[in-house]
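These notes are about the structure you will find just below.
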There are 2 protein chains.
Amino acid sequence: MRRKTIKDVAQEAGVSIGTVSAVLNRRDSVRLVTRKRVLKIMDSLNYRPVEAARRRLGSPREKTLGLVVKEIHNPYFADIIVGAQEEARKHDFRLLVMSSEQVFSREVDAVRVLVAKDIDGLIINPLLELGTLSSHFQDLEANNIPFVMIEGLSGDVSTASVVDIDNERGAFDATMHLLEAGHTELVHLAGPKYSQHSSERSAGVLRAAPGARIVHAGATLEDGFNAVRDQLKGCSFTALVCYNDLVAIGAMRQLMDQGLLVPKDVSIVGFDDIDVASYLGVPLTTVRIPKREMGRQAAAIAIEQIHSTEDSKSRRILLDAELIVRSSTRKR
Amino acid sequence: MRRKTIKDVAQEAGVSIGTVSAVLNRRDSVRLVTRKRVLKIMDSLNYRPVEAARRRLGSPREKTLGLVVKEIHNPYFADIIVGAQEEARKHDFRLLVMSSEQVFSREVDAVRVLVAKDIDGLIINPLLELGTLSSHFQDLEANNIPFVMIEGLSGDVSTASVVDIDNERGAFDATMHLLEAGHTELVHLAGPKYSQHSSERSAGVLRAAPGARIVHAGATLEDGFNAVRDQLKGCSFTALVCYNDLVAIGAMRQLMDQGLLVPKDVSIVGFDDIDVASYLGVPLTTVRIPKREMGRQAAAIAIEQIHSTEDSKSRRILLDAELIVRSSTRKR
DNA sequence: TTGAAAGCGCTAACAA
DNA sequence: TTGTTAGCGCTTTCAA
């Protein structure tokens with residue numbers, strides 16, 4: 001069924017579209033009876049104006065940035081969103097957030113929808129999809145919509161701007177910290193496959209400790225909990241390097257359930273430094289990512305590219321990740 | 001400076017707008033040289049098509065729901081968003097998320113922007129603003145855009161649909177649990193002012209324990225930490241009823257820093273049951289809110305109202321909050 | 001107080 | 001292969 005338009009309302013009410021428009025815009029040039037009649041028809045027809053048609057096409061609109069994250073349900077992204085939003089506001093931009101929930105087709109869809117909503121720029125934490133540089137990014141380029149990636153794609157041929165952190169280095173530092181503390185039986189709880197961050201972090205762990213055992217856990221509390229319970233059953237180890245803090249916290253919980261003490265029996269390092277990490281009963285040693293700063297910089301770059309007339313060259317920013325030693329690790 | 005249009009490009013390139021349109025839509029009817037010239041002009045003019053004009057006005061578009069939360073940086077909202085998104089997807093709706101970050105003017109602005117982006121329905125967790133039913137909600141009604149509130153406003157005169165939980169009851173249960181465990185020196189760490197949930201929870205605490213001391217903490221880890229450190233200094237108490245889990249976790253950390261043990265010295269109850277609550281060193285006793293379910297129901301109602309032709313009556317759903325007893329509370 | 005008509009930026013059909 | 005033109009749903013003059 002066709003969407004009702006101002007014409008339908010006008011016809012049904014026996015007035016012209018001009019009158020309906022006047023009612024819509026609360027102009028006081030309409031006789032009360034007429035207004036009432038029109039309003040009633042609007043209601044009965046379930047009429048909703050097409051907003052795009054209201055503002056004269058091409059008239060100045062609110063500037064907006066789109067932000068597509070992989071999973072909204074992760075404190076890591078919450079910080080990135082907040083950072084991006086802060087920077088956006090500074091420049092009078094609004095931020096529209098969508099989540100792909102780790103599904104590639106939804107990421108493509110989200111980008112399409114945001115473009116349809118006429119965003120001026122896009123920040124995206126893309127899913128790692130092997131093969132071609134996906135067409136949704138090409139669309140962005142074709143439409144002259146600047147976009148910034150948070151977490152660069154590996155085969156990243158494109159000209160896209162990227163804001164990222166040195167994962168390899170961070171994971172290397174974390175592992176070295178454990179090695180220097182005398183740990184020899186190391187297990188690495190790796191993140192999701194198809195995550196660029198995960199493979200970079202695994203690489204960092206292996207560079208420091210080529211013999212480390214790698215176990216694929218995931219990215220959530222439950223993943224960490226399950227990995228230790230199932231995959232590490234009966235396995236001997238004294239230290240865990242985790243993909244992120246959530247996995248670390250989940251792992252820690254499982255260890256406690258098994259009667260093991262952290263850090264007495266097992267040392268644990270996380271990654272991200274989410275807020276809660278320092279509030280835990282055993283404050284978590286972790287690799288801090290400047291999450292807000294990442295969001296902020298990504299937004300700043302997007303906005304800069306929107307404003308600049310000349311074909312702004314893409315920028316690549318690699319922020320440092322810093323090891324924060326707390327209480328979940330100790331000398332062996 | 002006026003936004004560049006297809007006309008500008010056509011003129012500059014010395015072709016008709018039809019040709020430019022063909023290039024824009026990747027039609028292969030354009031000679032290579034022409035295409036190249038047009039593309040170059042587009043680039044140099046920094047031309048970006050007005051998306052709203054591309055899809056023939058009024059043509060069927062993706063259905064979208066807007067969601068405005070108070071603070072994106074809170075696991076509680078993350079769950080609501082996920083629930084809403086799941087339900088939305090089921091009905092082939094997209095979800096656009098914005099955050100007011102506890103600032104009323106931003107909430108108003110967010111609603112305006114979402115309406116301008118032509119959303120079909122709205123879910124909102126409104127800030128508690130005393131006085132009139134704000135005009136941004138009236139606008140929604142005038143434009144026939146169904147909206148659902150998560151957390152009802154107190155003086156809620158409007159016809160809006162609401163999905164909420166029984167906060168009073170949840171807080172009452174939590175407090176009774178402590179009372180029955182023999183606690184007499186109770187402190188309530190209350191949430192932010194101007195939060196409906198906060199005042200309802202405080203009411204529940206007071207109904208169970210009229211003599212409870214009320215301290216205004218806030219909603220974050222830091223707020224809980226600071227409240228115990230500053231406002232409870234030298235104060236004697238054996239149990240804490242907290243506005244939410246974050247405050248509880250922050251409070252717990254501060255108690256530990258003071259050498260106090262939970263639950264041996266102090267029992268603590270949180271609210272929300274965020275994921276991490278059960279993974280803590282001392283798993284948190286808390287009042288579980290069906291967060292995803294709230295998001296899901298809110299989306300379901302919004303979508304139902306969008307589809308229904310007749311003037312659907314507003315719905316009010318009050319979900320139960322359930323006390324989950326873990327290890328942070330014990331008999332005195 | 002209401003109606004008629006031009007025009008917003010673009011696409012699509014058709015003509016050249 | 002390119003140009004011309006009608007219209008998408010609405011607002012905004014201007015005329016009646």
Side-chain angles (χ1 to χ4, degrees), chain A residues 1-39 41-42 45-62 115-120 139 142-145, chain B residues 1-39 41-42 45-62 115-120 139 142-145:
Chain A
M1 195 188 55
R2 226 185 71 263
R3 180 166 173 169
K4 300 296 180 195
T5 75
I6 203 171
K7 269 188 203 159
D8 300 310
V9 178
Q11 186 161 36
E12 193 86 7
V15 297
S16 75
I17 62 168
T19 303
V20 178
S21 175
V23 171
L24 218 45
N25 292 284
R26 291 195 179 71
R27 255 184 286 277
D28 51 7
S29 63
V30 187
R31 232 187 341 161
L32 187 62
V33 279
T34 316
R35 172 194 304 283
K36 288 215 165 174
R37 183 152 38 94
V38 170
L39 283 173
I41 300 290
M42 281 181 177
L45 254 42
N46 211 3
Y47 168 72
R48 185 165 58 81
V50 174
E51 286 301 325
R54 301 193 67 170
R55 22 225 104 214
R56 320 286 262 100
L57 286 180
S59 68
R61 300 174 324 292
E62 301 80 8
V115 169
K117 296 297 180 190
D118 232 348
I119 53 168
D120 301 281
D139 281 352
N143 281 7
N144 246 309
I145 298 178
Chain B
M1 195 188 56
R2 224 185 72 264
R3 180 168 174 170
K4 299 297 180 193
T5 75
I6 203 172
K7 269 189 202 159
D8 299 310
V9 178
Q11 184 161 37
E12 193 85 8
V15 297
S16 76
I17 62 168
T19 304
V20 177
S21 175
V23 171
L24 216 46
N25 292 284
R26 291 196 180 67
R27 258 185 282 279
D28 51 8
S29 63
V30 187
R31 233 190 341 164
L32 187 62
V33 279
T34 316
R35 173 195 304 285
K36 288 216 163 173
R37 184 152 38 94
V38 171
L39 283 173
I41 301 290
M42 280 181 177
L45 253 41
N46 211 3
Y47 167 72
R48 184 165 60 81
V50 172
E51 287 301 325
R54 300 192 69 171
R55 24 225 103 218
R56 319 284 265 104
L57 285 182
S59 68
R61 301 173 325 293
E62 302 81 6
V115 169
K117 295 299 181 190
D118 230 349
I119 53 168
D120 302 280
D139 281 352
N143 281 7
N144 246 309
I145 298 178

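Reminder, nothing fancy here: chain letters follow the sequence lines and each chain counts from 1.
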Original post:
Got a salt bridge between R2(A) and D8(A), using NZ or NE/NH1/NH2 to carboxylate O under 4.0 Å?
Top reply: yes
**OP:** Specify the separation, in whole Å, of atom NZ of K7(A) and atom P of dG9(D).
**Re:** 6 Å
Original post:
Can you tell if the side chain of V20(A) reaches within under 4.5 Å of the side chain of I41(A), non-hydrogen atoms only?
Top reply: no
Original post:
Can you tell me if R35(B) uses its side chain to pair, donor with acceptor, with the backbone of R27(B) under 3.5 Å?
Top reply: yes
**OP:** Using whole Å, report how far CG of D8(A) lies from C1' of dG9(D).
**Re:** 11 Å
**OP:** Starting from P on dC10(C), measure out to CZ on R56(A) and report it in whole angstrom.
**Re:** 15 Å
**OP:** Using whole Å, report how far CZ of R2(B) lies from C1' of dG7(C).
**Re:** 14 Å
Original post:
Does R27(B) have a side-chain nitrogen or oxygen under 4.0 Å from the phosphate oxygens OP1 or OP2 of dT11(C)?
Top reply: no
Original post:
So, does K4(A) use its side chain to make a donor-acceptor pair with the main chain of Y47(A) at under 3.5 Å?
Top reply: no
Subject >> Check: L24(A) and P49(A) side chains under 4.5 Å, non-hydrogen atoms >> reply: yes
Original post:
Charged N to carboxylate O below 4.0 Å: is that the case for D118(A) and K117(B)?
Top reply: no
Subject >> Spacing of E51(B) atom CD relative to dC10(C) atom C1', expressed in whole Å >> reply: 10 Å
**OP:** Determine, stepwise, if the pair M42(B) / V23(B) fulfils side chain to side chain contact (heavy atoms under 4.5 Å, CB included).
**Re:** CA-CA 10 Å; M42(B) 280 181 177; V23(B) 171; 4.2 Å; yes
Original post:
dC10(C) P sits how many Å from R55(B) CZ, rounded?
Top reply: 12 Å
Subject >> Sugar-phosphate only, base, or nothing, as touched by S21(B) at under 4.0 Å among non-hydrogen atoms >> reply: base
**OP:** Using atom NZ of K4(B) as one end and atom C1' of dG9(C) as the other, report the distance to the nearest whole Å.
**Re:** 15 Å
Sort me out a list of protein N/O and nucleotides 1-4 of chain D N/O pairs below 3.5 Å, or just none if empty.
from	atom 1	to	atom 2	distance (Å)
dT2(D)	OP1	R31(B)	NE	3.3
dT2(D)	OP1	R31(B)	NH2	3.3
dT2(D)	OP1	T34(B)	OG1	2.3
dT2(D)	OP2	R31(B)	N	2.8
dG3(D)	OP2	S16(B)	N	2.6
dG3(D)	OP2	S16(B)	OG	3.0
dG3(D)	OP2	T19(B)	OG1	2.6

Original post:
Can a side chain N or O of R54(B) be found less than 4.0 Å away from OP1 or OP2 on dT11(C)?
Top reply: yes
Subject >> L57(A) CG - dG7(C) C1' separation (whole Å) >> reply: 10 Å
**OP:** Nearest-nucleotide wise, let me know which of A53(A) and L24(B) is further upstream toward the 5' end of DNA chain C.
**Re:** A53(A)
